[in-house]
Chemist: 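Quick one: the structure is below, questions incoming.
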Number of protein chains: 2
Amino acid sequence: MLTQKRKHYILEVLQRNGHVVAKTLAMELGLSEDTIRRDLRELAKDGQLQRVHGGALPASAAVADYAARQSISEQGKRAIGQAAASLIQPGQIAILDGGTTAVQVARQLPLNLAATIVTHSPSVAMELINHAQLDVILIGGKLYKHSMVTMGTAALAALTHIRADIFLMGVTGVHPDAGLSTGNLEEAYMKRALSEHAAETFVLASQEKLGVASPYVIMPMAEVHGLVVEASVATAQLTPFVEMGLSIIKPSPL
Amino acid sequence: MLTQKRKHYILEVLQRNGHVVAKTLAMELGLSEDTIRRDLRELAKDGQLQRVHGGALPASAAVADYAARQSISEQGKRAIGQAAASLIQPGQIAILDGGTTAVQVARQLPLNLAATIVTHSPSVAMELINHAQLDVILIGGKLYKHSMVTMGTAALAALTHIRADIFLMGVTGVHPDAGLSTGNLEEAYMKRALSEHAAETFVLASQEKLGVASPYVIMPMAEVHGLVVEASVATAQLTPFVEMGLSIIKPSPL
DNA sequence: CTTGACTCTGCACGAATATGCGCGTATTCT
DNA sequence: AGAATACGCGCATATTCGTGCAGAGTCAAG
């Protein structure tokens with residue numbers, strides 16, 4: 001195995017799991033721990049990760065920690081991203097919504113996943129340039145700067161030719177009675193349209209969105225197949241959705 | 001086996017597997033490792049892949065590559081960007097090509113410019129989020145990762161509804177006789193189509209592209225209205241273009 | 001047809017790089 | 001404190017690399 005490839009692999013595992021263990025890596029890759037340790041040392045010298053006893057952590061524990069504390073939901077969004085990413089099977093066509101949570105999903109997709117990702121968000125598209133096996137289809141149209149996605153008739157027209165297996169939707173409100181909602185009328189229409197062009201729709205529902213309703217309704221909960229939520233969400237908060245027959249996807253624990 | 005054929009094969013394997021190993025290739029092709037290594041070295045020099053110990057990786061781990069290209073003659077590109085940006089008048093509809101030079105143009109656009117920018121490059125689109133007065137239309141389609149633009153039939157279809165005032169085109173070769181050229185067939189078609197949907201076409205021609213021809217021809221020089229070049233370009237290098245009736249746009253000195 | 005310039009390929013050899021092992025030391029856990 | 005584990009360093013070995021060189025093939029001018 002090529003040294004560079006190995007380092008990439010290490011960084012990938014690190015990004016996905018939040019940590020790596022030297023011994024585990026050695027076994028996974030069938031190499032001596034010395035080699036792994038050498039890699040870790042070099043990556044650490046390049047500032048790509050932070051060396052700790054037994055393995056390594058993401059580059060700046062300080063920064064990561066600071067960021068984590070500053071926006072609590074950042075951690076959660078990443079976990080959601082990981083769980084949502086695992087919903088996309090090789091060979092499938094998946095629609096990825098815009099927004100920061102969706103960017104997290106893109107970031108958590110395995111580097112070697114072979115699938116097709118449809119998105120109307122340039123930022124999501126940019127996240128995917130490193131995924132060699134991924135086909136990326138960008139939905140064009142008028143760019144709405146506040147949410148950094150394309151919408152409008154041109155975007156709807158571009159959608160007509162697409163039938164996806166799964167749609168991962170970002171929203172600002174998930175309420176048992178009020179349904180899914182967002183803060184912008186155009187967005188509501190767009191998300192609904194995206195949903196209609198996918199066989200299944202899953203909602204990326206970070207903690208603070210559960211039980212909340214925003215001004216513009218996208219569609220009722222009944223039309224959704226499942227919610228992707230953080231591990232820390234109380235079961236009580238989810239029961240109304242479970243009773244409606246929705247699947248609940250949670251991140252796998254470390 | 002022909003050298004070209006062999007290199008093509010190497011790139012193909014590289015794209016499929018995400019890496020190539022010198023030893024393996026030598027066995028597969030029944031050649032000495034020396035030959036393979038020579039090929040790899042040359043492909044690396046052309047920027048088609050990235051050489052590492054034991055084999056090679058795709059050139060466009062994109063990040064490194066894109067970042068690297070970004071810094072090539074950055075000074076000149078910024079100047080060109082400034083000059084090109086000044087071509088876009090308030091109220092106009094302008095098409096902006098992809099590529100690092102075009103990103104520079106986007107970056108140099110006045111923050112208060114009120115116009116419409118059409119682009120098939122997500123990176124250009126991202127540059128423009130801070131321009132409140134700017135309408136941004138993104139051309140969708142299949143995303144080609146090496147050059148970070150959308151192309152293909154979907155992109156062409158999206159274009160049909162658009163008539164722009166001006167198109168700022170990025171190329172890799174500008175030659176008096178050979179015309180405008182680029183390193184990718186699909187790109188050549190796309191650029192030509194973009195040009196056909198604009199009243200005027202100007203070419204972003206940084207120093208190193210003048211007098212150079214790339215494999216795929218976009219169109220003859222006669223169909224272009226002008227070149228945007230760096231201030232430092234020798235007049236002699238431009239005379240053939242001037243004689244053909246092209247306007248030459250140079251950055252205004254500081 | 002011949003000759004000379006040029007290109008491509010494989011081989012040889014010294015240099016550079018990567019990997020695994022041993023061993024003494026440092027860190028962590030109980 | 002003592003055991004277990006992880007660490008870093010030096011060294012030996014195995015690949016891999018780059019370069020110089022020679023033979024084979026190609027092409028075009030004479």
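Residue numbers start from 1 in every chain, and the chains themselves are labelled A, B, ... in the order their sequence lines are given, proteins ahead of strands.
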Chemist: Output yes when at least one side-chain N/O atom of B:R51 is less than 4.0 Å from OP1 or OP2 of D:dC17, else no.
Modeler: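 For D:dC17, OP1 or OP2 has a side-chain N or O of B:R51 closer than 4.0 Å.
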Chemist: Looking at B:E42 and B:R38, is any side-chain nitrogen of the basic one under 4.0 Å from a carboxylate oxygen of the acidic one?
Modeler: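 B:E42 and B:R38: not salt-bridged.
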Chemist: Rounded to whole Å, how long is the line connecting atom CG of B:D39 with atom C1' of D:dT16?
Modeler: 16 Å
Chemist: How close or far is atom P of C:dA18 from atom CG of A:L31, stated in whole angstroms?
Modeler: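 Rounding to the nearest Å, CG of A:L31 and P of C:dA18 are 13 Å apart.
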Chemist: Expressed in angstrom and rounded to an integer, what is the separation of B:I36 atom CD1 from D:dG18 atom C1'?
Modeler: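 About 16 Å, once rounded to whole Å.
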Chemist: With a 3.5 Å cut-off and heavy atoms only, can you find an N or O donor on one side and an acceptor on the other between the side chain of A:R38 and the base of C:dG20?
Modeler: yes
Chemist: Strictly by modelled atom types, are A:S123 and A:S121 linked by a side-chain donor-acceptor pair under 3.5 Å?
Modeler: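 The answer is yes; a qualifying pair exists.
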Chemist: Tell me whether the OP1 or OP2 atom of C:dT9 has a side-chain N or O from B:R6 closer than 4.0 Å.
Modeler: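 For C:dT9, OP1/OP2 do have a side-chain N/O of B:R6 under 4.0 Å.
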Chemist: Do B:E187 and B:S147 have side-chain atoms, one donor and one acceptor, less than 3.5 Å apart?
Modeler: yes
Chemist: Could you state the atom-to-atom distance from NZ of A:K45 to C1' of D:dG8 in whole Å?
Modeler: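 To the nearest whole Å, that distance equals 13 Å.
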Chemist: Measure from CE on B:M27 to C1' on C:dG10 and round the result to the nearest Å.
Modeler: 18 Å
Chemist: Do B:K142 and B:Y144 form a cation-pi contact, if we require the NZ or CZ to be under 6.0 Å from the six-membered ring centre and within 45 degrees of the ring's axis?
Modeler: yes
Chemist: Of B:H53 and B:G30, whose closest DNA chain C nucleotide lies nearer the 5' terminus?
Modeler: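 Result: B:G30.
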Chemist: Considering heavy-atom distances to DNA chain D, does B:G54 or A:G54 have its closest nucleotide positioned more toward the 5' end?
Modeler: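 In this pair, the answer is A:G54.
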Chemist: Which residue is it: A:L210, A:V229, A:V203? I am looking for the one with a side chain to side chain contact (heavy atoms under 4.5 Å, CB included) to A:F241.
Modeler: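 The residue from A:L210, A:V229, A:V203 that satisfies side chain to side chain contact (heavy atoms under 4.5 Å, CB included) with A:F241 turns out to be A:L210.
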Chemist: Can you find a side chain N or O atom of A:T35 that sits less than 4.0 Å from OP1 or OP2 on C:dG20?
Modeler: yes
Chemist: Rounding to an integer number of Å, can you tell me how far A:K23 NZ sits from C:dT28 P?
Modeler: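 The distance from NZ of A:K23 to P of C:dT28 comes to 17 Å, rounded to the nearest Å.
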Chemist: When all nucleic acid strands are considered with a 4.0 Å heavy-atom cut-off, which category describes A:V52: base, sugar-phosphate, or nothing?
Modeler: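 Sugar-phosphate only.
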Chemist: Would you say the side chain of A:D34 and the base of D:dA6 hold a donor-acceptor pair, judged only by whether the two atoms sit under 3.5 Å apart?
Modeler: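 Result: no qualifying N/O pair found.
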Chemist: How close or far is atom P of D:dC17 from atom CD of A:Q4, stated in whole angstroms?
Modeler: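 From A:Q4 CD to D:dC17 P: 12 Å.
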Chemist: Would you mind reading off the distance between A:R41 atom CZ and C:dT19 atom P, rounded to a whole angstrom?
Modeler: 13 Å
